[in-house]
Amino acid sequence: QVQLVESGGGLVQAGGSLRLSCAASGSIDSINTMGWYRQAPGKQRDLVARVSTRGTTDYADSVKGRFTISRDNANDTLYLQMNSLKPEDTAVYYCNSVPAIRYYWGQGTQVTVSS
């Protein structure tokens with residue numbers, strides 16, 4: 001069983017940076033691909049970044065060049081480094097496998113970017 005807990009969100013001004021963490025109760029090495037998702041109020045939950053067990057990454061066009069996803073399998077932790085943040089990045093951020101497993105969804109962590 002795997003339980004995922006997100007942390008690191010907060011309020012930041014446009015152009016600032018945040019580093020999100022996703023701690024897993026089980027080994028994320030057993031999950032081929034992990035990702036970060038985000039959901040703004042009234043909108044769909046979308047995948048913004050993913051990383052495989054071998055380190056292969058992919059990003060949504062909206063965050064490419066600004067966000068970096070990484071995973072530490074030894075410590076069962078997933079990270080999202082977010083730089084040059086924009087108000088459009090405001091959302092609740094979640095981690096999960098890719099494709100997502102429904103019962104893995106945690107509470108997420110709120111990221112608010114002000115202008």
Side-chain angles (χ1 to χ4, degrees):
Q1 293 83 12
V2 175
Q3 184 175 15
L4 306 173
V5 180
E6 302 90 346
S7 63
L11 176 64
V12 64
Q13 291 187 329
S17 298
L18 285 172
R19 181 176 170 85
L20 307 184
S21 298
C22 171
S25 62
S27 175
I28 61 172
D29 193 39
S30 64
I31 303 174
N32 289 333
T33 305
M34 291 291 297
W36 283 97
Y37 302 75
R38 69 184 183 188
Q39 185 172 27
K43 295 187 177 181
Q44 295 287 328
R45 186 174 300 179
D46 296 322
L47 178 68
V48 298
R50 60 184 178 185
V51 58
S52 73
T53 55
R54 293 179 172 84
T56 301
T57 60
D58 193 33
Y59 301 90
D61 288 341
S62 59
V63 307
K64 193 171 298 182
R66 300 187 297 118
F67 291 10
T68 303
I69 187 172
S70 61
R71 63 193 293 170
D72 184 347
N73 293 324
N75 292 299
D76 299 319
T77 307
L78 183 73
Y79 301 99
L80 185 67
Q81 178 65 48
M82 306 186 296
N83 299 323
S84 301
L85 283 162
K86 304 175 180 179
E88 306 91 87
D89 297 319
T90 295
V92 178
Y93 284 71
Y94 304 85
C95 59
N96 208 322
S97 59
V98 183
I101 297 175
R102 184 154 36 194
Y103 50 88
Y104 280 3
W105 292 120
Q107 294 183 349
T109 184
Q110 176 71 50
V111 172
T112 303
V113 184
S114 64
S115 59

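Side chains are part of it too, since the values below use all heavy atoms of this structure and drop only hydrogens, waters and symmetry mates. Residue numbers run from 1 in the order of the sequence given.
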Colleague: With disulfide (SG to SG under 2.5 Å) as the rule and sequence neighbours excluded, what pairs involving residues 39-68 come up?
Modeller: none
Colleague: Checking V63 against R38 for the side chain to side chain contact (heavy atoms under 4.5 Å, CB included) test, could you report, in this order, the C-alpha distance in whole Å, the side-chain angles of both residues, the deciding distance, and whether it holds?
Modeller: CA-CA 11 Å; V63 307; R38 69 184 183 188; 3.8 Å; yes
Colleague: Below 4.5 Å, heavy atoms only, C-beta onward: do T90 and Q110 meet side chain to side chain?
Modeller: yes
Colleague: Is there a side-chain contact between V92 and Y37, using heavy atoms and a 4.5 Å cut-off?
Modeller: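 In short, these two side chains do not touch, never coming nearer than 4.5 Å.
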Colleague: Is there side-chain contact between V51 and L78, with heavy atoms separated by less than 4.5 Å?
Modeller: yes
Colleague: Tell me which one of C22, S21, C95 satisfies side-chain contact (heavy atoms from CB on, under 4.5 Å) with Y79.
Modeller: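 Only match with Y79 under side-chain contact (heavy atoms from CB on, under 4.5 Å): S21.
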Colleague: Would you say N32 and T53 are linked by a side-chain donor-acceptor pair, where the criterion is simply a distance under 3.5 Å?
Modeller: no
Colleague: Which distance, rounded to the nearest 0.5 Å, do you find between the CH2 of W36 and the CG of L47?
Modeller: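 Atom-to-atom, W36:CH2 and L47:CG are 12.0 Å apart.
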Colleague: Would you mind checking if D89 and K86 are paired as a salt bridge, meaning a charged N to carboxylate O distance below 4.0 Å?
Modeller: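 The answer is no: the pair does not qualify as a salt bridge.
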Colleague: Between W105 and A100, which heavy-atom pair has the shortest distance, and what is it?
Modeller: CZ2-CB, 3.4 Å
Colleague: Can you tell me how far apart CE (M82) and CZ (R19) are? Round to the nearest 0.5 Å.
Modeller: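 Reported to 0.5 Å precision, the distance equals 11.0 Å.
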Colleague: How many angstroms lie between atom CZ of R71 and atom OG1 of T77, to the nearest 0.5 angstrom?
Modeller: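 If we round to the nearest 0.5 Å, R71:CZ and T77:OG1 are 11.0 Å apart.
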Colleague: Taking atom OG of S114 and atom CG of L85, what is their separation to the nearest 0.5 Å?
Modeller: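 Going from OG on S114 over to CG on L85, the span is 10.5 Å.
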Colleague: To the nearest 0.5 Å, what is the distance between OG (S70) and CG (L80)?
Modeller: 8.5 Å
Colleague: Would you call Y59 and T68 a side-chain contact if the rule is heavy atoms closer than 4.5 Å?
Modeller: yes
Colleague: Where is the tightest heavy-atom contact between S97 and I31, given as atom of each residue plus distance?
Modeller: CB-CG2, 3.4 Å
Colleague: Write down the atom of Q39, the atom of K43, and the distance for their closest heavy-atom approach.
Modeller: NE2-O, 3.1 Å
Colleague: State the CD-CG distance between Q81 and L20, to the nearest 0.5 angstrom.
Modeller: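 Taking CD in Q81 and CG in L20, the distance rounds to 8.5 Å.
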